[in-house]
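Given the structure is predicted, the values throughout are model-derived calculations rather than measurements. For reference, positions follow the sequence shown, starting with 1.
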Amino acid sequence: MTLPIAVLRPEPGNAATASAIEALGRRAIRLPLFRIVPLPWNGPEPQAHDALILTSANAVRHAGSALSRYAALPVHAVGAATAAAARAAGLRVAATGSGDGRALLDVAQAGGVRAGLLLTARDRAVASHPAVSAIETVYASEAVDPVDPTPLTGSVALVHSRRAGERLTELVRDRSRIAIAAISDAAATGLGGGWRAVTVATRPDDASVIAAAIALADTLARD
């Protein structure tokens, strides 16, 4: 029997990923480990910046009405979903990355960005970068508690971030019956040992991690 794929990311990404899995004829388990909440912020003057940098669609969703102040700035978006959210909010997307936040910033710097405004989460991987002159925290990812990890037994769980890996490791005592598909090497570093199997997506995007999970599920089902 084919192993189900467990989606741990917060909404609305959880539903989007689960729907993509189900569209491929696979069973998805929806078990968000975090919820996204907006945070108050006071943005700097738009004139002080030469770009708006977005490393998550959540920054667009939760920035609120203040986001419109930066509509004249070219947007550098981490991936296609973030770019789509930015366009829907009336922003002008100048560049779309491949899903890696630091790579996005490196490319922005190479393209001449020197005073970017980064809208991001309270818990983030990037603390500073030469392309960024200001960082505004506009949302937080808060742990859902309690979470019963029992439905994950016999599944391949998707890990979209290091923090998700750390949270999963805290929740699961017997890891021998749960396999992991991580979206990147960085996300996999949050995992402890003892999992049934661990694989990493070839690219840091949702389609790739789903593909990696399905391939792993099929391999394990044959064992």
Side-chain angles (χ1 to χ4, degrees), residues 1-34 36 55-58 77-85 96-104 106-107 125 141 143-144 147-223:
M1 181 179 292
T2 302
L3 279 63
I5 311 299
V7 187
L8 310 179
R9 65 190 306 202
E11 295 292 4
N14 192 289
T17 299
S19 295
I21 291 167
E22 290 163 351
L24 295 171
R26 303 299 181 115
R27 183 163 71 90
I29 299 171
R30 306 180 188 214
L31 190 68
L33 300 186
F34 299 92
I36 304 298
T55 54
S56 171
N58 286 319
V78 72
T82 303
T96 302
S98 61
D100 181 88
R102 183 162 291 279
L104 173 72
D106 290 343
V107 172
S141 178
V144 174
V147 173
D148 179 7
T150 303
L152 301 179
T153 299
S155 74
V156 177
L158 302 185
V159 171
H160 279 77
S161 67
R162 175 172 179 162
R163 192 162 173 240
E166 292 171 344
R167 173 77 169 142
L168 184 63
T169 298
E170 292 173 358
L171 290 170
V172 178
R173 292 185 179 180
D174 180 6
R175 304 169 193 164
S176 63
R177 297 181 62 194
I178 301 173
I180 302 292
I183 198 167
S184 65
D185 288 326
T189 61
L191 297 165
W195 303 101
R196 181 178 180 184
V198 176
T199 190
V200 177
T202 56
R203 289 171 53 87
D205 58 50
D206 212 37
S208 296
V209 76
I210 290 172
I214 289 174
L216 180 58
D218 289 347
T219 296
L220 295 175
R222 292 193 293 266
D223 289 347

_Test side chain to side chain contact (heavy atoms under 4.5 Å, CB included) applied to Arg26 and Val156, step by step_ = CA-CA 12 Å; Arg26 303 299 181 115; Val156 177; over 6 Å; no
Test your reading of the model: is there a side-chain donor-acceptor pair from [X] to the backbone of [Y], 3.5 Å cut-off?
| X | Y | result |
| --- | --- | --- |
| Ser19 | Ala16 | no |
| Arg163 | Ser141 | yes |
| Arg167 | Val144 | yes |

*Taking it one step at a time, do Thr169 and Arg175 satisfy side chain to side chain contact (heavy atoms under 4.5 Å, CB included)?*
CA-CA 8 Å; Thr169 298; Arg175 304 169 193 164; 3.1 Å; yes
_Counting C-beta onward and ignoring hydrogens, is there a side-chain heavy-atom pair between His160 and Asp206 closer than 4.5 Å?_
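Side-chain contact under 4.5 Å: yes.
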*Would you call Asp185 and Thr189 a side-chain contact if the rule is heavy atoms closer than 4.5 Å?*
no
*Going through the checks in order, is the side chain to side chain contact (heavy atoms under 4.5 Å, CB included) test met by Glu170 and Leu33?*
CA-CA 11 Å; Glu170 292 173 358; Leu33 300 186; over 6 Å; no
*State the CG-CG distance between Asp174 and Leu152, to the nearest 0.5 angstrom.*
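One gets 12.0 Å once the value is rounded to the nearest 0.5 Å.
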*Nearest 0.5 Å please: distance from the CG atom of Leu216 over to the OG1 atom of Thr199.*
6.0 Å
*What's the verdict on side chain to side chain contact (heavy atoms under 4.5 Å, CB included) for Leu158 and Ile5, showing C-alpha distance, side-chain angles and the deciding distance?*
CA-CA 7 Å; Leu158 302 185; Ile5 311 299; 3.7 Å; yes
_Neighbour count above 12 (heavy atom, 6.0 Å) for Arg27 CZ_ =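 Not buried by this count: 12 neighbours or fewer within 6.0 Å.
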